[in-house]
Amino acid sequence: MDTVIEQEVTARKKKKAIVIISITVLALVAGIWLLRTTLRSTISKSEINTAVVEKGSVENTLNATGEVLPEFEEILTSPINASIKKVLMDAGNKVKAGQSILTLDKSASQTEFEKLNFQLQSKRNEISKLKLDLNKSFYDIRSNNDIKQLRISNLADAVENAKRLFKAGGGTREGIEQAELNLKVAQLEKKQLENEIKSKQQTMQIEIKEAEIALAIQENDLRELQRKLNLANIIATRSGVVTWVNKNIGATIAPGESLARIADLRSFKVNGNISDNYMDQLRNGMPVVIRINETQLKGHVANVYPSVQNGIVSFDVQLDERNSKQLRPNMKVDVFLVTDMHTNTMRVANGPAFKGPEVQDIFVISGNKAVKRRVHIGLTNFDFVEIKDGVKPGDVVITSDMSSFKNSNELTINN
């Protein structure tokens, strides 16, 4: 009997323990569910960023990189073989047009100039001598031609005399024929001499022309060398700032080698780079927005370079405000190429809440609540997102990442 009672007591204790454990587990599960539900539908105001829907323009842009460069930069190069003698200006110095930047040792080129000048004088003397020689030869030929003409006249008289003598009975037929033969020979000789005179004239003109051409070539060479010697005085052609100068005094400089750069820092442009994947969208004249910290400058694409290097296309941007105080040489900037624009449309500041798809769910604040709304997204850029519907101007939108509340339709905002 005692054994049966003990078994019943033990069984009741086990049932009671099972009930207590079950109730505890259920309470714990209910508490966790209630806690999760409460947390998922509540958010602190300090955890979110908001923006007000407004009317304005939204530009669709392509992101690129850029570098600020002086719109005008002159590169001074050496026109001759020389060496750097003295540096008069350092980088950062302001210069005016006509000021000397550095001086070169031009002794080798000056010696070459003098040598070429002597050769030119010698060539002029040769041409004068050639003209005298040719004129003398021509004069001699003309003199011989005049002598031939006198002989022909004399032989013609001899023919007439032979004919008169034959009529008078004192001459013979052979005498007449011999006189006529002598006349024909003299006439042929004169004709030959006339042809020689004509040929000599042509030859003389060609030889003089060739000599004059050679002289003109040497004169051009001398003028070109004189021009290079003048350019070897490395001076600024316009006012600006020296951005770089070769300070290697004594270094040998080849023609075309850079010596200094002068920039006009009153006017700038931007050299941009973008992936060649967007090359078909890049065109001259398209609007551009340049971002420098919190400042935006507008401009347009002025030139697209045809070559592609390492998958990158380069282009130049002409700024509307070329003398902005924000611009500095070689400054790196963000470049936004405007491919499309909508004006007078609803827009809101861009943020992590906008993931990219055309149809998105966002939260709009109403009092201390945040209500989910489905909207259609239009153009987007770094600053703004176009919202086509689902909101109205003045609505306050949460722009923070709300992906953890994707299953919630309404949130309570705690202060």
Side-chain angles (χ1 to χ4, degrees), residues 32-66 274-275 277-278 281 286-300 320 326 333-415:
I32 294 173
W33 179 84
L34 182 61
L35 180 63
R36 291 187 62 186
T37 302
T38 302
L39 290 176
R40 287 182 61 81
S41 61
T42 304
I43 191 170
S44 174
K45 189 175 183 179
S46 61
E47 297 177 6
I48 60 174
N49 294 321
T50 61
V52 179
V53 178
E54 62 181 9
K55 284 278 189 175
S57 62
V58 180
E59 302 158 335
N60 194 49
T61 59
L62 299 175
N63 295 353
T65 59
I274 195 170
S275 170
N277 294 330
Y278 302 106
Q281 301 182 56
M286 70 184 304
V288 177
V289 176
I290 305 298
R291 180 182 294 277
I292 305 174
N293 298 325
E294 299 301 322
T295 303
Q296 290 187 0
L297 299 176
K298 293 188 176 182
H300 64 272
D320 295 343
Q326 301 291 330
V333 295
D334 294 321
V335 179
F336 301 95
L337 300 164
V338 180
T339 59
D340 196 3
M341 177 186 291
H342 290 172
T343 58
N344 196 30
T345 186
M346 287 189 297
R347 70 180 187 181
V348 68
N350 203 346
F354 303 100
K355 302 293 186 179
E358 182 180 355
V359 179
Q360 297 186 31
D361 292 329
I362 63 173
F363 285 91
V364 178
I365 295 177
S366 177
N368 65 338
K369 300 289 185 180
V371 181
K372 180 185 288 185
R373 292 188 192 176
R374 179 154 290 186
V375 297
H376 289 80
I377 302 299
L379 301 181
T380 62
N381 58 36
F382 186 84
D383 296 309
F384 295 103
V385 175
E386 178 187 16
I387 301 180
K388 296 181 178 179
D389 52 24
V391 295
K392 63 182 182 300
D395 285 347
V396 180
V397 175
I398 297 177
T399 59
S400 303
D401 185 4
M402 301 296 285
S403 57
S404 59
F405 299 95
K406 63 182 179 181
N407 296 322
S408 301
N409 293 322
E410 185 177 295
L411 302 175
T412 299
I413 302 175
N414 296 326
N415 292 327

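- Proximity of a side-chain donor or acceptor of Lys372 to a complementary backbone N or O of Ser408 within less than 3.5 Å is detected.
- When every heavy atom of Val364 is checked against every heavy atom of Val397, the shortest pair comes out as CG2-CG2, 4.3 Å.
- By the 4.5 Å heavy-atom criterion applied to side chains, Asp395 and Met346 are not counted as neighbours.
- For Lys45, the NZ atom is loosely surrounded, since the number of other residues' heavy atoms within 6.0 Å does not exceed 12.
- Annotation: the span from His300 atom NE2 to Leu337 atom CG amounts to 12.5 Å, rounded to 0.5 Å.
- A side-chain donor from one of Asn60 and Thr339 sits under 3.5 Å from a side-chain acceptor of the other.
- One distance of note links CD1 of Ile43 with OG of Ser404; it measures 6.5 Å at 0.5 Å rounding.
- Between the side chain of Ser400 and the main chain of Asn49, a donor-acceptor pair closer than 3.5 Å is present.
- The closest donor-acceptor contact from the side chain of Arg347 to the backbone of Ser57 lies under 3.5 Å.
- Side-chain contact of Thr345 with Glu386: a donor-acceptor pair under 3.5 Å is present, judged by distance alone.
- Between Ile377 and Lys388, the closest side-chain pair of non-hydrogen atoms is not below 4.5 Å.
- Rounding to the nearest 0.5 angstrom, the gap separating the CD1 atom in Ile398 from the CD1 atom in Ile365 is 4.5 Å.
- Heavy atoms only, all atoms of each residue included: Ala51 and Val348 are closest at CB-CG2, 3.5 Å.
- Considering OG1 of Thr50 and CZ of Phe363, their distance stands at 14.5 Å, rounded to 0.5 Å.
- Taking 4.5 Å as the limit, some side-chain heavy atom of Ile362 sits within range of a side-chain heavy atom of Phe354.
- Contact of the Leu62 side chain with the Phe336 side chain is not registered, since no non-hydrogen atoms from C-beta on lie closer than 4.5 Å.
- Annotation for Val385 and Thr380: closest pair CG1-CG2, 3.9 Å, computed over non-hydrogen atoms.
- How far CG of Asn414 is from OG of Ser46: 9.5 Å, rounded to the nearest 0.5 Å.
- Summarising the local packing, NZ of Lys55 is surrounded by more than 12 heavy atoms from other residues, nucleotides or ligands at distances under 6.0 Å.
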List the atom pairs, with distances to 0.1 Å, where a side-chain N or O of residues 289-296 and a protein N or O form a donor-acceptor pair under 3.5 Å, not counting sequence neighbours.
unit_1	atom_1	unit_2	atom_2	d
Arg291	NH2	Asp383	OD1	2.6
Arg291	NH2	Asp383	OD2	2.6
Gln296	NE2	Asp383	OD2	2.7

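- Here CD1 of Ile387 is found 9.0 Å from CD of Gln360. Values are rounded to the nearest 0.5 Å.
- Taking every heavy atom of both residues into account, Ile413 and Ala370 meet most closely at CD1-CB, 4.1 Å.
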